[in-house]
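Counting starts at 1 for both ligands and their atoms, in listed order.
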Amino acid sequence: MTRLKGRDTPVKSALLDQRVVAGLGNIYASEVLHRAGIDPRRKVGRIAASRLAGLVPMIREVLSEAIAAGGSSLRDHRRPDGELGYFQHVFRVYDREGAPCLTPGCGGTIARITQAGRSSYFCPRCQR
Ligand SMILES: [Zn+2]
């Protein structure tokens with residue numbers, strides 16, 4: 001994770017950079033940053049080293065949950081109503097725009113922004 005240091009890019013984009021964290025998908029980058037309490041727009045170089053180091057166990061946790069929920073690749077599947085869906089039960093922020101933040105005691109509302117053409121979901125209240 002030290003390779004992220006000093007980069008003048010938003011942390012979300014840095015997480016998606018294949019040279020930094022191979023295989024971390026767009027959905028999971030949002031999930032990791034929510035658990036870490038880091039705003040996806042924050043520039044890597046403006047995040048304390050201790051907080052960056054804290055991302056590593058979060059990445060492992062989120063990816064192992066994703067594998068347990070249906071595989072390392074995000075295979076979509078048909079819901080009973082015929083709509084395509086993902087394994088949404090593992091997501092705390094992805095596709096939850098306008099829904100209450102699940103962080104205990106937060107009370108914030110999940111927001112969606114676009115970064116580099118991809119959706120980012122985050123809580124403006126508990127992600128700084
Ligand atoms: Zn929150």
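- The side-chain heavy atoms of P40 and S30, taken from C-beta on, include no pair separated by under 4.5 Å.
- Protein atoms that are N, O or S and lie under 2.8 Å from the Zn ion (ligand 1) are these: C101 SG, C106 SG, C123 SG, C126 SG.
- No more than 12 heavy atoms of other residues, nucleotides or ligands shown are found within 6.0 angstrom of CZ on R60.
- Summarising the geometry of N26 relative to S119, their closest heavy-atom pair is ND2-O, 3.2 Å, with the distance given to 0.1 Å.
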Inset, instruction - Kindly indicate, with the supporting measurements, whether the criterion salt bridge (charged side-chain N to carboxylate O under 4.0 Å, His left out) is fulfilled by E31 and R92. - result: CA-CA 6 Å; E31 296 296 311; R92 297 186 186 180; 5.4 Å; no
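- Annotation: side chain of D39 is in contact with side chain of F122 (closest heavy-atom distance under 4.5 Å).
- Rounded to the nearest 0.5 angstrom, T103 OG1 and Q127 CD are separated by 7.5 Å.
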